[in-house]
Each structure stands twice: as C-alpha cells, then as structure tokens.
Amino acid sequence: MNKIRYFDHSATTFVRDDVLREMIPYYITEYGNPSSLYGLGRRANKAKEKARQYVANAINCNPNEIYFTSCGSESDNLAIKGIAYANKYKGNHIITSKIEHPAVINTCRTLENEGFRVTYLNVDKDGIVDLNELINSITNTTILVTIMYANNEIGTIEPIEEIGKIAKMHNLIFHTDAVQAIGNIKVDVKKLNIDSLSMSAHKFYGPKGVGALYVKNGINFQKIQDGGHQEKDKRAGTENVAGIVGMGKAIQIAENNLDEYNKKLKYLREYLITEIENKIPNVQINGHRNKRLPGNVNVSFKDIDAEELLLNLDSIGICASAGSACSTGNPNPSHVLKAIGLQNEYSKGTLRITLGDENTKEDVNYLLRNLKYFVDKLRENKIN
Ligand SMILES: *Cc1c(COP(=O)(O)O)cnc(C)c1O
C-alpha cells in the first residue's frame, strides 16, 4: 500500500490532534445539554460561548452576531433564504455570481421558484466578478448581494472590499460564502462591510458537521427551521457542543498561524505551478495568478480525461480532485470552468490540487513526478 498523499484540502481536512482533544470531554463527561439549568448543562453552555468568542475574534465581530449551524451549506441556506424572506417587503431581487458553490446557486434557484428574481453575474477569464455588471444590475427591488469570498474550484479571491462598498452605497445587504477563505486568509467583516458570512469547520482542520453564520446586528433574517429557541431563536436544534468546541479551537489555531501557514502554502503552490508549466506541455493554470487561495492549484491538461488521471494518481496514493468534488461522476465541465470560458479540450482534463498543513516539498515532488508520468502515458495511449 502506498502512503496517502493528500492534496484535496478544499474538499475537507483532517482534524488536528489538539482540536480532537478539546472535543472529547464534551462527548464523554461534559455531555450536558447547554439549555439545561444544572451545572453539567451550564458548563456545556459556557464551552459553547467560549467557542463563539473565538469565532467572533477571528473575523472581528461581536459574539452575539455568530450563529452555529451544522455546516457551510446550512449557513448559506439560512443566510440567503433568511435574509430574502425577512426583507421581501422591500423587494424580491437578489444578485449573485455564476461561479458560486451549489449551496448558494441552488438556494438561489429555490428562491427563484418562490418568486424571487436572481441575477447571476459573469466573471472574467480569471474568475473575477464583473463589478460594472454588479452596479448596472442593481434596481430599486434589489435586497441582497451574495458573492463568494474565494472560489472552491479555481481559488480566485473576489474583490470583496469593493463589493462591500458598492452594497453599502446602495443600501443592500451583502452576504459572502467565505467557507474557503476562513482559516486560509485574514477576513475582517467590519473593514470589508460584510453583513453576513458563512464558514465551515471541516475546511480548517476542525470536525465535519459544524458551521457558523455571522449576521451583523440590525440585519433582519428569518429562521428556516422550526423548533426550540436555540441560537437566539434563529436555528432550532440542540447544539453540537463538541463540534462547536472543536470549531473554536480550530479557528484559534488557524488565526494564530495564519501568516506562517500562508507563506508555506504559497511557496509550495508557486513551486508546483512553475514545475508543472516547465515540465508538462499543453497545460493551463486556471484562476487568477495572484489573487488566489494560498494552497490552490487548478490546472488543465489538454486532451486528458481528468477522471482517468485521478484514478491513476489514486492507485499510487495521491488524492486530488477533478474540477470540483461536488461534480464527481459528472463528465461535463463544471459551471465554474464554463463561466471562465475554458476551451473544452482543456476543461475535461482539469485537476484541482489543494495544498495543506501536512504537505511537504517531498510530497509535492512525488506528485510532480507522477503527474508528468501519467499525463505523458495517457496522452501516448490516446495517440496509439
Ligand atoms: C465546502 C464548501 C461549502 C459547503 O460546506 P459544507 O460544510 O461542506 O456544507 C460551501 N461553500 C464553499 C465555497 C465550500 O467550499
């Protein structure tokens, strides 16, 4: 068996030892329901509130602006539907982009079926949203702009500060899906005029099944799940205390190591991109060259079937992703690759390599060697 070399950190990450260690007591001894009045419950509640403080510190907001959820997808649903329903009396128009995660795109589609009107903004060849089109799309019925912070496939970081300014100027609510950004780059919701933001713990070395939503005080949003009064009556259901504690620890570690982590990933990313471009002919790097997530390399190999390449890589222990983890089994180019206008002979051969904490230069060299070997082999097979 080959050692696993994991290059799919945008799909999910391992859980850090320190994170898991903090979580374990909340399953075994400190298992109280945080709504209970006795000590066991109060201690669970205290741990949950401590985690809320850590999450709030990371993005520079007040802890009472953080709502814990079950994942990034739920945070997007709660934010977009919740804001749309609560502000319907002002208008029914929402602006988003063509490259959002399905948690946003499909939420917008549902709202379209319910009578909302949605504009899907174009992006340029690097995946940057068209700000002029954003400004021109705004009407007196527009209530919400939802644009992702950083793209999960091609890694492009959007001009969030400009979008925040435009939204503020036009009195619109601005939500951002920051699931790929939190833990990877510094995010300050105050500085960037962000009204609402989604994140997910399993994208930054925390557990799966726990997310958070920030909504600025004063922004109206409706709950979308009925039940108890947890999370200031915005998200019913007994809280995932252990998961929340893990999320708090994970975000604390991420924030404390952000500069170092960024530096390491950027170095490996640039090395990987340069070596791929130097050693393998007919390749194209997708996404913005500099405004991109530190660990993201999205590369298209002309005349290659990405799934075939992935299976070959998997056979020697390499984990990577074809375009997007959400489109496994789907042979069509992803909506993101379509939106950046990638030619078909390239888009079919698109690999997403996302670097993370445990990757070393030796891992990257192993990846490079085998990438070249399999791409050459697959291209030869095609000719013969
Ligand atoms: C992973 C991801 C999500 C979904 O998060 P889950 O916690 O898996 O539901 C949403 N948006 C983006 C950009 C993501 O990368």
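Every number for a ligand or one of its atoms is a count from 1 in the order of the listing. All of these numbers come straight from a predicted model, not from anything done at the bench.
Note: an N/O pair closer than 3.5 Å links Lys203 and ligand 1 by distance alone. Considering backbone and side-chain N/O atoms, Cys71 never comes within less than 3.5 Å of an N/O atom of ligand 1.
Under a 4.0 Å N-O distance rule, the pair Glu362/Arg5 qualifies as a salt bridge. The residues Arg352 and Glu153 are annotated as not salt-bridged, no charged nitrogen and carboxylate oxygen being separated by less than 4.0 angstrom. Salt-bridge formation is not detected for the pair Glu22/Arg16: no Lys NZ or Arg NE/NH1/NH2 atom is positioned less than 4.0 Å from an Asp or Glu carboxylate oxygen.
The ring of Tyr366 has its center no closer than 6.0 angstrom to the ring center of Phe7. A centroid separation of less than 6.0 Å is found between the aromatic rings of Phe14 and Tyr205.
In this structure the side chain of Tyr149 never reaches within 4.5 angstrom of the side chain of Gln180, judged on heavy atoms.
Closest to atom 15 (O) of ligand 1 among all protein heavy atoms lies Gln180 NE2, 2.6 Å. Residue, atom and distance of the protein heavy atom nearest to atom 8 (O) of ligand 1 are His202 NE2, 3.0 Å. Of the protein's non-hydrogen atoms, the one nearest atom 6 (P) of ligand 1 is Gly72 N, 3.5 Å. The nearest heavy-atom contact from the protein to atom 9 (O) of ligand 1 is Ser73 OG, 2.7 Å. The shortest contact between atom 7 (O) of ligand 1 and any protein heavy atom is with Ser200 OG, 2.6 Å. Here the protein heavy atom with the shortest distance to atom 11 (N) of ligand 1 is Asp177 OD2, 2.6 Å.
Of the listed residues (Glu153, His101, Glu74), the one carrying the non-hydrogen atom nearest atom 3 (C) of ligand 1 is His101.
Across Thr146, Thr119, Leu121, Thr107, a single residue satisfies side-chain contact (heavy atoms from CB on, under 4.5 Å) together with Thr96, and that is Thr146.
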